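Nothing here was measured: the structure is a model prediction, and the numbers come from that model. One-based numbering, in listed order, for ligands and for the atoms of each.
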Amino acid sequence: MSDSKNIRIPQGRGLQPMYRLLLLCLLSFILLVFLYYNQDPASHFVIPSVQYSSTSRVGRVAICLVGGARRFELTGPTILKHVLNVFPEADLFVHSNLDENSFKLSLLRSAPRVIEMRIRRPAVLNETEEQRMVFAASSSPNGIQGLMQYFDLVEGCPDMIGAQESRGSFKYDWIVRTRVDGYWMGPLDLKTFKWDSYVVPEGSRYGGLNDRLGIGNRSFSTVALSRLSLLPRLASAGFHDLNSESSFHEQLKLFNISAVELRFPFCILSDRQIGYPPMPISWGIPVASISSPGPLSGAYCRPCIPQCKGKCIEKLGLDKMKSWSWTEWRNGSLELCDASGPWQEGWEEIFKKDAGIAAANVMHKVKEMKIEECVQEVEGLKRKAERWNGPDPIEICNLGLSQVG
Ligand SMILES: *[C@@H]1O[C@H](CO)[C@@H](O)[C@H](O)[C@H]1NC(C)=O
Ligand SMILES: *[C@@H]1O[C@H](CO)[C@@H](O)[C@H](O)[C@H]1NC(C)=O
Ligand SMILES: *[C@@H]1O[C@H](CO)[C@@H](O)[C@H](O)[C@H]1NC(C)=O
Ligand SMILES: *[C@@H]1O[C@H](CO)[C@@H](O)[C@H](O)[C@H]1NC(C)=O
């Protein structure tokens with residue numbers, strides 16, 4: 001008697017929860033879409049960039065930035081706009097040396113997600129006999145020690161990323177590694193993520209592979225970023241007289257990882273003074289103007305009024321440097337600076353013209369920053385980061401802003 005009732009009633013009610021569930025799904029979807037497009041980039045500096053609607057489909061992405069913050073007031077806003085804000089769901093890791101420019105990293109306060117900030121005190125790294133054997137002393141502007149320092153910063157990436165994975169019991173699908181001194185002129189494109197290869201920028205090979213940016217899946221990236229810990233492998237394979245780029249190349253080859261060179265819209269903003277013009281005969285290094293249409297794929301650059309472009313570039317015969325410092329110049333993509341001296345007088349105005357008013361405003365803001373504001377900004381970054389592995393913000397700001405005179 002109660003059977004028929006019991007059977008019918010659940011059926012009748014069964015439809016209602018289904019509709020409710022559907023409605024709930026629909027509402028959450030609308031809410032998600034709403035939240036997605038209303039994400040506050042929490043930025044008072046940077047113009048939010050167009051977001052790829054497809055980023056959620058790539059899986060989990062870790063972005064690791066390494067290096068000194070020397071000109072981060074100029075490069076930071078471009079990294080935020082063209083890399084970090086393009087991948088708002090990516091986790092950011094930063095490894096940098098403590099110096100008078102570290103306070104500029106506070107610009108990362110407006111990055112979508114900051115997982116770990118590692119700002120370490122500079123210390124001389126022990127050089128082993130093995131390392132001296134593998135590398136040529138002339139392999140870096142600061143010798144073998146400079147190279148070790150750089151490798152150690154890079155190796156911090158898999159270290160921080162692995163720790164985060166252990167804490168959350170997950171694995172990243174992709175790791176993007178690039179540099180704090182990268183000046184980005186266009187967005188990092190999802191199309192440059194390749195599952196079967198490790199992707200690096202084209203050109204600036206210096207006898208190996210350009211190591212100023214790298215994109216790869218989790219396992220390939222682990223090999224690519226283990227710059228220090230794989231040195232014994234290189235040594236036992238009998239390599240010697242390598243530089244950063246050639247050891248990078250050999251290290252990927254040891255693990256049978258194929259590298260793909262693609263063009264990327266960034267350059268390395270540098271204060272280095274480099275002979276001009278970059279004669280193929282002396283294996284010179286071209287320094288691009290940031291006004292170059294690009295893509296510059298990680299070539300050195302600075303703000304300047306170009307000394308050489310168009311026909312002048314054609315005449316230089318840069319293609320002879322294909323395996324070394326070569327940068328694609330066809331179609332007017334490259335405009336050269338005379339970088340034999342310091343940045344030219346009035347470079348701030350040139351920068352403003354090329355980078356835009358928003359970027360120039362950040363530059364001025366950082367330049368005029370006082371201690372209190374600095375501490376507030378660095379504290380802001382410290383709060384934002386899930387893990388702060390660096391000195392007290394007051395120490396960072398004192399180091400940067402308290403010099404007398
Ligand atoms: C470097 O070597 C010295 C002496 O061998 C040792 O005391 C020191 O701990 C080493 N430093 C590092 C960073 O390994
Ligand atoms: C990375 O890609 C290679 C080649 O497709 C594959 O063998 C490897 O398993 C991938 N690594 C991860 C962690 O998925
Ligand atoms: C790379 O490939 C070679 C030849 O196919 C093989 O002998 C070697 O074991 C491979 N190395 C790794 C690390 O997979
Ligand atoms: C130059 O431009 C042409 C036409 O857009 C294009 O097909 C070609 O690939 C470009 N070459 C280089 C080296 O960028």
Side-chain angles (χ1 to χ4, degrees), residues 57-64 90-91 93 157-166 168-177 185-186 189-205 209-210 213-227 229-239 247-267 286 288-289 291-299 301 308-323 325-336:
R57 275 191 273 124
V58 292
R60 301 193 75 144
V61 180
I63 298 177
C64 192
D91 286 348
F93 300 82
C157 294
D159 190 35
M160 291 185 282
I161 288 167
Q164 178 69 4
E165 288 175 334
S166 308
S169 302
F170 70 96
K171 290 273 181 200
Y172 288 101
D173 298 293
W174 299 97
I175 298 177
V176 176
R177 199 277 302 179
M185 293 131 146
D189 190 339
L190 191 55
K191 289 205 281 292
T192 58
F193 288 43
K194 309 284 178 201
W195 194 254
D196 291 333
S197 325
Y198 197 72
V199 178
V200 299
E202 176 192 87
S204 305
R205 286 182 201 119
L209 280 179
N210 187 327
L213 165 75
I215 302 172
N217 75 15
R218 183 65 178 87
S219 48
F220 286 0
S221 290
T222 306
V223 172
L225 302 178
S226 299
R227 301 295 307 265
S229 52
L230 284 179
L231 286 181
R233 286 286 294 264
L234 290 174
S236 65
F239 289 106
S247 78
F248 183 48
H249 195 192
E250 296 305 340
Q251 156 179 347
L252 292 182
K253 282 202 272 184
L254 276 181
F255 286 82
N256 300 330
I257 296 175
S258 69
V260 169
E261 296 179 304
L262 298 176
R263 298 175 79 182
F264 288 90
F266 79 102
C267 57
S289 159
S291 65
S292 305
L296 293 171
S297 290
C301 62
C308 183
K309 52 185 185 184
K311 281 268 178 294
C312 167
I313 298 260
E314 265 174 57
K315 278 194 233 138
L316 284 180
L318 296 179
D319 285 353
K320 293 196 194 78
M321 307 194 285
K322 201 92 186 184
S323 67
S325 56
W326 177 83
T327 300
E328 180 60 77
W329 53 272
R330 288 169 191 81
N331 290 354
S333 61
L334 179 67
E335 299 180 353
L336 288 181

| request: Check for a donor-acceptor pair, side chain of Lys194 on one end and backbone N or O of Lys191 on the other, with a separation under 3.5 Å. | output: yes

Counting heavy atoms under 4.0 Å, the part of Trp195 that contacts ligand 2 is both

Quick note on ligand 3: atoms under 4.0 Å from a heavy atom of Asn256 include exactly 1 (C), 2 (O), 3 (C), 8 (C), 10 (C), 11 (N), 12 (C), 14 (O)

Pairs of nitrogen or oxygen atoms closer than 3.5 Å, one from Asp196 and one from ligand 2: do any exist? yes

message = Is there a side-chain contact between Leu209 and Gln251 in this structure, where contact means two heavy atoms from C-beta onward sitting under 4.5 Å apart?
response = no

Note: ligand 2 atoms sitting under 4.0 Å from heavy atoms of Ser219 are 1 (C), 8 (C), 10 (C), 11 (N), 12 (C), 13 (C)

Any non-hydrogen side-chain atom of Tyr172 less than 4.5 Å from a side-chain atom of Asp91? yes

Pocket residues around ligand 4 (non-hydrogen, under 4.0 Å) come out as Arg263, Glu328, Arg330, Asn331

| said: Any side-chain to backbone donor/acceptor pair from Asn210 onto Val200? Under 3.5 Å, distance only. | reply: no

Practice task
Look only at the side chain of Trp174 and the backbone of Phe193, and say whether a donor-acceptor pair between them is shorter than 3.5 Å.
Solution key: no

side-chain hydrogen bond (donor to acceptor under 3.5 Å, both in side chains) with Glu335: of Ser292, Ser289, Ser291, only one passes, and it is Ser291

- Message: Check whether Asp173 reaches the backbone of Arg60 with its side chain - one donor and one acceptor, N or O, closer than 3.5 Å.
- Response: yes

Value for CD (Glu261) from CD (Glu328), rounded to nearest 0.5 Å, stands at 11.5 Å

